[in-house]
Amino acid sequence: MSIGFDEWARQVRRLAADRRAVILAHNYQVPWIQDVADFVGDSLALSRQAAATDAETIVFCGVHFMAETAKILSPDKTVLLPDLAAGCSLAAAVTAEDVRAWKSDHPGAAVVAYVNTTAEVKAESDICCTSSNAIEVVRSIPEEQEILFLPDMFLGAHVERQTGRKLHVWMGECHVHAGISPQDLRAKVEGEPDAEVLVHPECGCSTQAIWLAGEGILPAERTKDLSTGGMVKEAERSSASKFLVATETGILHQLRKGRPGKVFEPINEYAVCQYMKASTPEKLLRSLDEGVFEITVPEDVRVRAAQAVGRMIAITPDAVPVA
């Protein structure tokens, strides 16, 4: 941009105040956007935080399904996405039609949908989950009931390992996380034997990380499967001085911020999501100035999707109402 961060941030905050807007930034956003946002974090947590504010407008610097989730939880607020091209390869891996066909093949099965799905897919599901509560959600379902888990095969495999439940898992993946390979993990970890390893359950290396920890090749107490929000909390809590991080590299800014004595390195420095980087500082400014691009969800879809999200929230300790 032709202006520096301070001037840009002043313009953003002025326009946000004029529009009575709250700005949300996912942990994978570029540093400027993370630093100007009202809230930074995981997608569902951000939507819940925005719902609890008195803002009239939510500007979600993330991807399309995240803005939809914000609309599901805040039907009376205007929701803006700075770039409509901000999609998601994982959310695109399954459609509502796919889910209806899958359910017809497994009558009576419970459909568990990761929040990284469209509103239409959530509406076809029984309950949603996040990467941090997927295990708890699956354990809440009766043992005798079949479970259809979608759309992430790596998260599904992680849940199967941790719960001992046999799931029907949709074979979808995040192209960025799938690209973080077991080979990347082993090469990096072997060169840093004292580092703590933070692995997102969506990663292609997550199965390898759990296996290596179980075999004693990685120290189990220093190998953690965590959501992005969990990684931030772990970085704050842990006494480790060095961390190897297996997820999209945008999280590194949030991990390094305010922790000058700790070192954070990516398992794969090329793990960059072009969709997450679609919301540039210029586009955020335009979104606030022009009110673009508004995200809507048909009311019948929104209500059914809200029920699936609400069932998930109801089994978590910090449950809040869902509109």
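Just so we're clear, the structure is a prediction, and the values are computed from it rather than from any experiment.
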Return yes if a side-chain donor-acceptor contact under 3.5 Å exists between H253 and D35, otherwise no.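 Yes, because at least one side-chain N or O of H253 sits under 3.5 Å from a partner of the opposite role on D35.
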State, without any angle test, whether S89 and H175 hold a side-chain donor-acceptor pair at a distance under 3.5 Å.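 Checked: S89/H175 side chains pair up, N/O donor to acceptor below 3.5 Å.
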Determine whether a donor-acceptor pair (N or O, by modelled atom type, separation under 3.5 Å) exists between the side chain of [X] and the backbone of [Y].
{"X": "R302", "Y": "T69", "answer": "no"}
{"X": "Q34", "Y": "G250", "answer": "yes"}
{"X": "S287", "Y": "K283", "answer": "no"}
{"X": "Q145", "Y": "G108", "answer": "yes"}
{"X": "D184", "Y": "I267", "answer": "no"}
{"X": "E202", "Y": "C174", "answer": "no"}
{"X": "R286", "Y": "E282", "answer": "no"}
{"X": "R165", "Y": "R139", "answer": "no"}
{"X": "D98", "Y": "T95", "answer": "yes"}
{"X": "R222", "Y": "V197", "answer": "no"}

Given salt bridge (Lys or Arg N to Asp or Glu O under 4.0 Å), test D18 with R13 step by step and report yes or no. CA-CA 9 Å; D18 291 346; R13 297 314 317 174; over 6 Å; no
Sort out for me which residue in T53, D54, T57 forms a side-chain contact (heavy atoms from CB on, under 4.5 Å) with R20.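 Of the listed residues T53, D54, T57, the side-chain contact (heavy atoms from CB on, under 4.5 Å) partner of R20 is D54.
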Grouping I, L, V, M, F, W and Y whenever their side-chain heavy atoms are under 4.5 Å apart, do W32 and L15 come out in a common cluster?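 Per the 4.5 Å side-chain linkage, W32 and L15 are co-clustered.
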Following the transitive rule for hydrophobic clusters with a side-chain heavy-atom cut-off under 4.5 Å over Ile, Leu, Val, Met, Phe, Trp and Tyr, establish whether M312 and I147 coincide in one cluster.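 As far as the 4.5 Å side-chain criterion goes, I147 and M312 are connected within one cluster.
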How about [X] and [Y]: do any of their side-chain heavy atoms sit closer than 4.5 Å?
{"X": "I251", "Y": "V232", "value": "yes"}
{"X": "M231", "Y": "L252", "value": "no"}
{"X": "T130", "Y": "D42", "value": "no"}
{"X": "N116", "Y": "D152", "value": "no"}
{"X": "Y114", "Y": "C128", "value": "no"}
{"X": "V59", "Y": "L288", "value": "yes"}
{"X": "E68", "Y": "H64", "value": "yes"}
{"X": "V22", "Y": "L24", "value": "yes"}

Evaluate salt bridge (Lys or Arg N to Asp or Glu O under 4.0 Å) for E236 paired with K233, printing each intermediate quantity in order. CA-CA 5 Å; E236 190 66 38; K233 291 177 182 177; over 6 Å; no
Rounded to the nearest 0.5 Å, how far apart are [atom1] of [X] and [atom2] of [Y]?
{"X": "L46", "Y": "D38", "atom1": "CG", "atom2": "CG", "result": "10.5 Å"}
{"X": "F264", "Y": "K257", "atom1": "CZ", "atom2": "NZ", "result": "13.5 Å"}
{"X": "S47", "Y": "I72", "atom1": "OG", "atom2": "CD1", "result": "8.5 Å"}
{"X": "R19", "Y": "L80", "atom1": "CZ", "atom2": "CG", "result": "6.5 Å"}
{"X": "K188", "Y": "I180", "atom1": "NZ", "atom2": "CD1", "result": "12.0 Å"}

Are there more than 12 heavy atoms of other residues, nucleotides or ligands under 6.0 Å from atom CD of E97?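 Counting other residues, nucleotides and ligands, CD of E97 stays at 12 neighbours or fewer.
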Hey, what's the ring geometry for H106 with H168, parallel, tilted or perpendicular (30° and 60° as the breaks)?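 H106 and H168: tilted rings.
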For the student: nearest non-hydrogen atoms of [X] and [Y], plus distance:
{"X": "K224", "Y": "E234", "result": "NZ-OE2, 2.9 Å"}
{"X": "Y275", "Y": "A86", "result": "O-CB, 3.6 Å"}
{"X": "D225", "Y": "S206", "result": "OD1-CB, 4.0 Å"}
{"X": "A37", "Y": "A25", "result": "CB-CB, 3.6 Å"}
{"X": "P281", "Y": "W8", "result": "O-NE1, 3.0 Å"}

Would you call K242 and E265 a salt bridge, taking side-chain N to carboxylate O under 4.0 Å as the test?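 Salt bridge: yes.
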Sorted by first residue and then second, give each salt bridge (Lys or Arg N to Asp or Glu O under 4.0 Å) pair with at least one member in residues 99-122; sequence neighbours left out.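 Residue pairs with at least one partner in residues 99-122: R100-E124, K103-E124.
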Between Y28 and T247, does the side-chain hydrogen bond (donor to acceptor under 3.5 Å, both in side chains) criterion hold? Intermediate values first, please. CA-CA 9 Å; Y28 297 156; T247 191; 2.5 Å; yes
What residues join V111 in its hydrophobic cluster, counting side-chain heavy atom gaps under 4.5 Å, either direct or through other members?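 Reading the cluster by chain and number, V111 sits alongside V94, V99, W102, V121, L148, L150, W170.
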Reference residue E248; test side-chain hydrogen bond (donor to acceptor under 3.5 Å, both in side chains); the match among H200, K277, H177: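 The passing option is K277.
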